[in-house]
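Here is the structure we will look at.
Excluded from the calculations below are hydrogen atoms, water molecules and symmetry mates; all remaining heavy atoms, backbone and side chain alike, are included. We count residues from 1, following the sequence as given.
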Amino acid sequence: MKKLLMIALAVSALSACTSPAERMAKCEAQGVSRDTCYLAEQNRTTAMNAVAEKQAMENAAKAVQHAQSAKVQDPLREASFTANGINATVSNGFFTAKINGKKAVVKRFNANSYEIKGAGYVLSVTLDDNGITDASWNRTHGRDHGLLQFTQK
């Protein structure tokens with residue numbers, strides 16, 4: 001039995017770059033029966049398939065975990081911003097925005113940072129898990145800027 005195991009291990013070790021037919025021929029050339037060589041080849045194939053399957057399952061689990069962590073949930077559904085001469089509203093999960101009654105464009109940089117552009121202003125909004133943490137404004141032309149007061153619903 002030990003001899004068979006040693007032969008199987010030797011065949012496995014030496015079989016890295018050879019075809020199954022070559023491995024069978026080498027095994028038989030050593031005086032081992034064809035059935036034993038065939039069994040060793042089948043065990044080698046099964047072991048390699050098991051390793052490949054295990055790696056595929058690990059890769060799939062990592063992909064699922066990455067996909068779940070990549071999901072972004074916006075904690076905000078509706079908010080209003082005010083400052084000197086600025087009245088802005090955002091609704092529908094940051095998809096719809098108005099600045100001073102005019103339609104504005106919302107640009108999402110990542111899960112925590114948005115930019116709202118319209119009516120000559122650029123509003124920058126920062127979020128965390130609890131909602132808005134910071135809001136500021138700049139004019140599109142000129143150097144006027146400041147902080148926004150906000151209320152979120």
Side-chain angles (χ1 to χ4, degrees), residues 5-27 37-153:
L5 182 59
M6 292 301 287
I7 291 172
L9 288 175
V11 169
S12 296
L14 296 173
S15 65
C17 297
T18 58
S19 71
E22 290 173 345
R23 287 190 296 274
M24 288 288 289
K26 283 182 184 178
C27 182
C37 292
Y38 179 77
L39 183 61
E41 182 63 28
Q42 290 301 312
N43 288 342
R44 177 191 172 279
T45 304
T46 302
M48 291 187 71
N49 287 342
V51 168
E53 183 180 355
K54 180 182 178 227
Q55 187 62 48
M57 294 298 279
E58 288 175 4
N59 291 347
K62 285 180 185 177
V64 167
Q65 186 178 25
H66 178 70
Q68 288 174 345
S69 67
K71 285 184 181 177
V72 177
Q73 296 179 352
D74 292 329
L76 185 62
R77 291 287 167 241
E78 189 173 336
S80 59
F81 305 93
T82 56
N84 296 338
I86 301 173
N87 254 340
T89 58
V90 177
S91 60
N92 195 18
F94 270 90
F95 287 111
T96 308
K98 288 187 177 186
I99 299 176
N100 292 339
K102 296 179 182 174
K103 188 175 179 179
V105 177
V106 180
K107 182 176 181 182
R108 177 180 177 182
F109 292 108
N110 59 42
N112 300 324
S113 182
Y114 288 83
E115 180 179 89
I116 306 163
K117 232 182 215 186
Y121 293 97
V122 178
L123 310 181
S124 298
V125 181
T126 307
L127 305 170
D128 66 6
D129 291 337
N130 299 320
I132 298 173
T133 58
D134 246 342
S136 62
W137 64 273
N138 293 312
R139 279 213 179 262
T140 53
H141 300 291
R143 297 183 179 193
D144 296 339
H145 64 278
L147 295 176
L148 290 165
Q149 290 134 6
F150 55 87
T151 56
Q152 54 188 355
K153 300 174 184 173

Shortest non-hydrogen pair, Gly85 vs Asn100, comes out as O-ND2, 3.2 Å
Taking every heavy atom of Leu147 against every heavy atom of Ala83, the minimum-distance pair comes out as O-CB, 3.8 Å
Checking the side chain of His141 only, and the main-chain atoms of Arg139 only, is there a donor and an acceptor separated by less than 3.5 Å? no
Rounded to the nearest 0.5 Å, the CG atom of Asp134 sits from the OG atom of Ser124 at a distance of 9.5 Å
In terms of heavy-atom contacts, Pro20 and Glu41 come closest through CB-OE2, 3.6 Å
Heavy atoms of Ile86 and Leu123 approach each other most closely as CG2-CD2, 4.4 Å
- prompt: Using the ring of each side chain (for Trp, its six-membered ring), is Tyr121 parallel, tilted or perpendicular to Trp137, with breaks at 30° and 60°?
  reply: perpendicular
Minimal heavy-atom distance between Arg23 and Arg44, with the atoms involved, is NH2-NH1, 3.1 Å
To the nearest 0.5 Å, atom OG1 of Thr89 lies from atom NZ of Lys98 at 6.5 Å
Hits for side chain to side chain contact (heavy atoms under 4.5 Å, CB included) against Glu115, two or more places apart or cross-chain, chain-then-number order -> Lys107, Phe109, Lys117, Val122
Salt-bridge test for Lys62 and Glu58: reply yes if a basic N is under 4.0 Å from a carboxylate O, no otherwise. no
Self-check item: Over 12 foreign heavy atoms within 6.0 Å of CG, Asn84
Solution: no
Per side-chain contact (heavy atoms from CB on, under 4.5 Å), Ile132 is matched among Thr151, Thr126, Leu127, Val90 by Leu127
Correct closest heavy-atom pair for Leu148 and Ser136 would be CD1-O, 3.6 Å
